Amino acid sequence: MGIITPSSLHFERHHSGVPTIDPSKHQLLVHGLVKHPLVFSMEDLRRLPSVSRIHFVECAGNSGREHAGNPGETAQKSHGLASCSEWTGVRLADLLRAAGVDPAAHWLIAEGADAGRHSRSIPLDKAMDDVLVAYGQNGEALRPEQGYPLRLLVPGWEGNVNVKWLHRIQLSTGPAMSRDEAASYTDFMPDGRAWQFSFEMDVKSVITRPSGGMRLSRAGLHEISGLAWSGRGRVSRVEVSCDGGSTWQHAALGDLVLPKAFTRFTLPWRWDGKEAWILSRATDESGDTQPTRERIVSARGLQSGPDGFNHYNGIKAWHVSRDGVVTHV
Ligand SMILES: Nc1nc2c(c(=O)[nH]1)N[C@H]1C(S)=C(S)[C@@H](COP(=O)(O)O)O[C@H]1N2
Ligand SMILES: [Mo]
């Protein structure tokens, strides 16, 4: 319900387990192409000016099963690798300014303190724009699974660059070509080449009620409700179809329409007890609209990368049978 994912239900993705970190010993090192390398303790960070922002985190592989033609039976299984929280922390730009950015620096490498030393390269422009070094989530400390005591929050960009258990930031002239941006998290094209550094998450939506696994108890009024989001800014419009895409209606957007955050949409629907196909199609303020699966497959093919299909944002449909049972299609 609403747009905030309870912290206990925030999805988790970790490549080498959840480390146990003593916050009193945890440090963040900022070094490389800076004038003064700095080390921050958690206490140092908490003394600095803080900001709280509502943003989604979405794994690049979220809804990839739809691309593969093997959709998950429920909204959780098809679109569950996305969550939205209120994050609290300091602006990365403040830490970088304190260290003094060398004009030769154009990228940074962020590294986690987990066993695999998860690391991703991020262009300096983004780092100076809206990236947070977060220690809070929904009014409490980050959960261990979300990176306690410290994570990078990179608004609108694929989950993988939101480095958890953050302990090191190194400024550099170019990207590091780490394992997670070279061997993985690239998007395969039909000609065998791959997109690299496809950071932004495109506009997407999913109807959460009614959705797969639910059953409409009777004909009559049912509010259709769902979530829409975009890594490129605000959601500007969501259309809903109850007839398999022949006709579309504008859904109402919730009171809070924030950039790079979940937006709730709703539409009252009178179910006549007949078979129905319900779909949602979101558009963001950059003008992008969700494509059909057919369009994505014709542009990108059906060749998955080493970690499945990434950056799929096709229109999602649910089927309602005469007895009210909702299933994936
Ligand atoms: N240190 C570290 N950071 C990480 C990962 C990891 O394995 N180690 N996984 C990444 C991936 S693939 C995703 S999708 C997001 C998920 O964030 P969450 O678990 O808080 O939802 O964290 C990213 N940050
Ligand atoms: Mo991910």
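Both ligands and their constituent atoms are indexed starting at 1 by order of listing. Scope of the values below: all heavy atoms of this structure, side chains included, with no hydrogens, waters or symmetry mates. Computed from a predicted model, the values in this text were never measured in an experiment.
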Where's the contact between E58 and ligand 1, heavy-atom distance under 4.0 Å: side chain, backbone, both or neither? neither

Just which atoms of ligand 1 are under 4.0 Å from any heavy atom in H14? 7 (O)

Location of contacts on H118 toward ligand 1, heavy atoms closer than 4.0 Å: side chain

Salt bridge flag under 4.0 Å for residues E158 and R120: yes

Polar contact flag for S16 and ligand 1 (N/O pairs, less than 3.5 Å): no

Thinking salt bridges, do E275 and R322 make one under a 4.0 Å N-O criterion? no

Judging by distance only, is a nitrogen or oxygen of N162 under 3.5 angstrom from one on ligand 1? yes

E145: numbered ligand 1 atoms lying under 4.0 Å from its heavy atoms: 19 (O)

Around atom 3 (N) of ligand 1, find the nearest protein heavy atom and jot down its residue, atom name and distance. K164 N, 2.9 Å

What do we get for N160 next to ligand 1 when only non-hydrogen atoms under 4.0 Å count, side chain, backbone, both or neither? both

Atom 21 (O) of ligand 1: closest protein heavy atom, distance to 0.1 Å, is F11 O, 2.6 Å

Between D114 and R117, does any NZ, NE, NH1 or NH2 come within less than 4.0 Å of an OD or OE carboxylate oxygen? no

Of the backbone atoms (N, CA, C, O) and the side-chain heavy atoms from C-beta on, which set of E158 has a member under 4.0 Å from an atom of ligand 1: side chain, backbone, both, or neither? neither

Salt-bridged, E145 to K164, with N to O below 4.0 Å? no

Sub-4.0 Å atoms of ligand 1 with respect to non-hydrogen atoms of E12: 19 (O)

Nearest heavy atom to atom 2 (C) of ligand 1: which of L81, V161, D114 does it belong to? D114

Nearest protein heavy-atom contact for atom 23 (C) of ligand 1: which residue, which atom, what distance? G159 O, 3.3 Å

Could you find the nearest protein heavy atom to atom 9 (N) of ligand 1 and give me its residue, atom name and distance? R13 O, 3.3 Å

Face-on cation placement of R46 at Y135 ring, 6.0 Å and 45° thresholds: yes

Residue pair H55, L153: steps toward the side chain to side chain contact (heavy atoms under 4.5 Å, CB included) verdict: CA-CA 9 Å; H55 288 301; L153 205 285; 3.9 Å; yes

Do K316 and E66 sit within salt-bridge range, that is, some charged N less than 4.0 Å from a carboxylate O? yes

Atom 17 (O) of ligand 1 has as its nearest protein heavy atom R151 NH2, 3.2 Å

With heavy atoms and a 4.0 Å threshold, my read on which part of Y185 contacts ligand 1 is side chain

Rounding to 0.5 Å, atoms CG (D130) and CH2 (W157) come to a distance of 8.5 Å

Can we say K35 and D102 salt-bridge, meaning some charged N sits less than 4.0 Å from an Asp/Glu carboxylate O? no

Around atom 14 (S) of ligand 1, find the nearest protein heavy atom and jot down its residue, atom name and distance. C59 CB, 3.4 Å

Find all atoms of ligand 1 within a distance of less than 4.0 Å from any non-hydrogen atom belonging to Q146, and give their numbers and elements. 18 (P), 19 (O), 20 (O), 21 (O)

Would R151 pass as a cation-pi partner of W87, given that its NZ or CZ must be under 6.0 Å from the six-membered ring centre and within 45 degrees of the axis? yes

Quick check: are there more than 12 heavy atoms from other residues, nucleotides or ligands sitting under 6.0 Å from CZ of R300? yes

